[in-house]
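Throughout, a chain's letter reflects where its sequence line sits, starting with A, and its residues are numbered from 1.
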Amino acid sequence: MARLTARGAWARRAALYDWLEGSDLRRASAKKRLFGRARGKTLLVGAGTGLDFRHLAAGSDVTAMDISDAMLTRARARAAASPARVRLVAADALRLPFADGVFETVITSCTMCSVPDPLRAFTEIRRVLGRSGRLLMFEHVRSTQPVLAATLEVMTWWSRRSGTEMNRETVMSASAAGFRIARIESVFLDIILAVEALPTNDMFDRHEDGATGSGWHADDPRGAPPTCAGAA
Amino acid sequence: MAPQRVSGMSRVAFLVGDFALLVTVGIEAALAMHIAHDVVPGILASTIVGMAVGMGAGLLTALAVRPVLGSIETAVPTMIGGMIGGLAVCLVMLVAGRISGMFTLGIGAATGVVLFSMLMAFDRECRRRFDQDRWHA
């Protein structure tokens, strides 16, 4: 039922989505930088109308999924125009129709504010992500600044009606689902963040990756990466 | 050195846009409160109406510019600006009694400038907190 409700809600929003979320002008460079870190077979969770397809690395192999057929219909032209090879799939983020560990990178872009159960979605993402994979999140989260946090709470009173929660602790949810936060970039205050996270199961045998610079291992002299407490 | 998020010119353009938006919203909120105190009887009722109208006007302004300046990037500051612009007028009226329309405009613009400055300071703090060299390639 929740799935049907979500499908219906997003189908209704599809027509206005590009205008409502047309913030790409400001966020484009941060997205390009974050999504440029994708390696290998990539899953984009919550593709929407495909606004982000142009930020994907040229030639990359991307499976872009969304729960809404209406969104995917609108995304088709953008998939064809994308520098990446994009395959569109209608699927629910809470029940990803992929085998364990098949993706090297998973990307989310303002997705976790809208899934009904972020922890379950992250658990699914971790399942389909390979041991040496990475999660790249471009997400808006609850601020740590009390006035901004209160404002986001108030905004959630009505944004929730259209399926969007402005006050989620998304970084914390990722940590709770078994991800180690490797890197956070502030895109807008501490509300919109570009985050790179690694599955915790391989954090101790992970080595510095000269190509990406994102690696971390237990005896790293720089100390531990920021936890959700650091992000909060 | 934290990486540059957008090119220099774009960054300046967005800063100017943010500044203009917050000053505009501050003025709208202040004027709404001023007019509400003129036409709505009772201090409590006029304050509530003034704030509601001010915040509503601010959100409409944010809605108009969101494709350029961003959705969350405009909605969050605008909501705060719509509130404090009206409250500032109330506060000044409590202290000084009736104030002129021009003075109200000045209060609204000033609240926009103050809010912009505070957000800039917080933005710097967030960059320091997150964008450290050691977490970047």
Do the side chains of E185(A) and R127(B) get close enough for a salt bridge, i.e. N-O under 4.0 angstrom? no
I'd like to know whether T144(A) forms a side chain to side chain contact (heavy atoms under 4.5 Å, CB included) with R129(B), so could you lay out the CA-CA distance, the side-chain angles of the two residues, the decisive distance to 0.1 Å, and finally the verdict. CA-CA 12 Å; T144(A) 56; R129(B) 196 197 313 172; 3.4 Å; yes
Using a 4.5 Å cut-off on heavy atoms from C-beta on, say whether the side chain of L189(A) contacts that of E73(B). no
R26(A) side chain vs G70(B) backbone, donor-acceptor pair below 3.5 Å: no
Please state whether the side chain, the backbone, both or neither of A75(B) comes within less than 4.5 Å of a heavy atom of chain A. both
Looking only at non-hydrogen atoms, find the nearest pair between R27(A) and I72(B) and report the distance. NH2-N, 3.7 Å
Could you tell me if the side chain of L25(A) sits less than 4.5 Å from the side chain of L69(B), heavy atoms only? no
Determine all donor-acceptor pairs shorter than 3.5 Å in which one atom belongs to a side chain in residues 85-92 of chain B; sequence neighbours excluded.
none

Hey, mind stepping through M83(B) and T151(A) against side chain to side chain contact (heavy atoms under 4.5 Å, CB included) and telling me if it holds? CA-CA 10 Å; M83(B) 196 160 45; T151(A) 305; 5.5 Å; no
Minimum heavy-atom distance between F130(B) and D190(A), given as atom pair plus value: CE1-CB, 3.7 Å
For R11(B) and S29(A), run side-chain hydrogen bond (donor to acceptor under 3.5 Å, both in side chains): C-alpha distance rounded to whole Å, both residues' side-chain angles, the deciding distance at 0.1 Å, then the answer. CA-CA 11 Å; R11(B) 182 163 164 73; S29(A) 61; over 6 Å; no
Which residues share a ring pair (Phe, Tyr, Trp, His ring centres under 6.0 Å) with F122(B), sequence neighbours left out: none
Any chance you could measure I192(A), atom CD1, to C126(B), atom SG, to the nearest 0.5 Å? 11.5 Å
Flag yes if more than 12 heavy atoms outside W157(A) fall under 6.0 Å of its CH2 atom; otherwise flag no. no
Which distance, rounded to the nearest 0.5 Å, do you find between the CZ of F188(A) and the OG1 of T74(B)? 8.5 Å
Chain A heavy atoms under 4.5 Å from I84(B): which part of the residue, side chain, backbone, both or neither? neither
Here the gap from Q145(A) atom CD to L119(B) atom CG, rounded to the nearest 0.5 Å, amounts to 8.5 Å
Using 0.5 Å steps for rounding, measure from the CE atom of M79(B) to the CG atom of L152(A). 9.0 Å
Is there a side-chain contact between S186(A) and R128(B) in this structure, where contact means two heavy atoms from C-beta onward sitting under 4.5 Å apart? no
Could you check if a side-chain atom of V147(A) sits within less than 4.5 angstrom of a side-chain atom of M118(B), using non-hydrogen atoms only? no
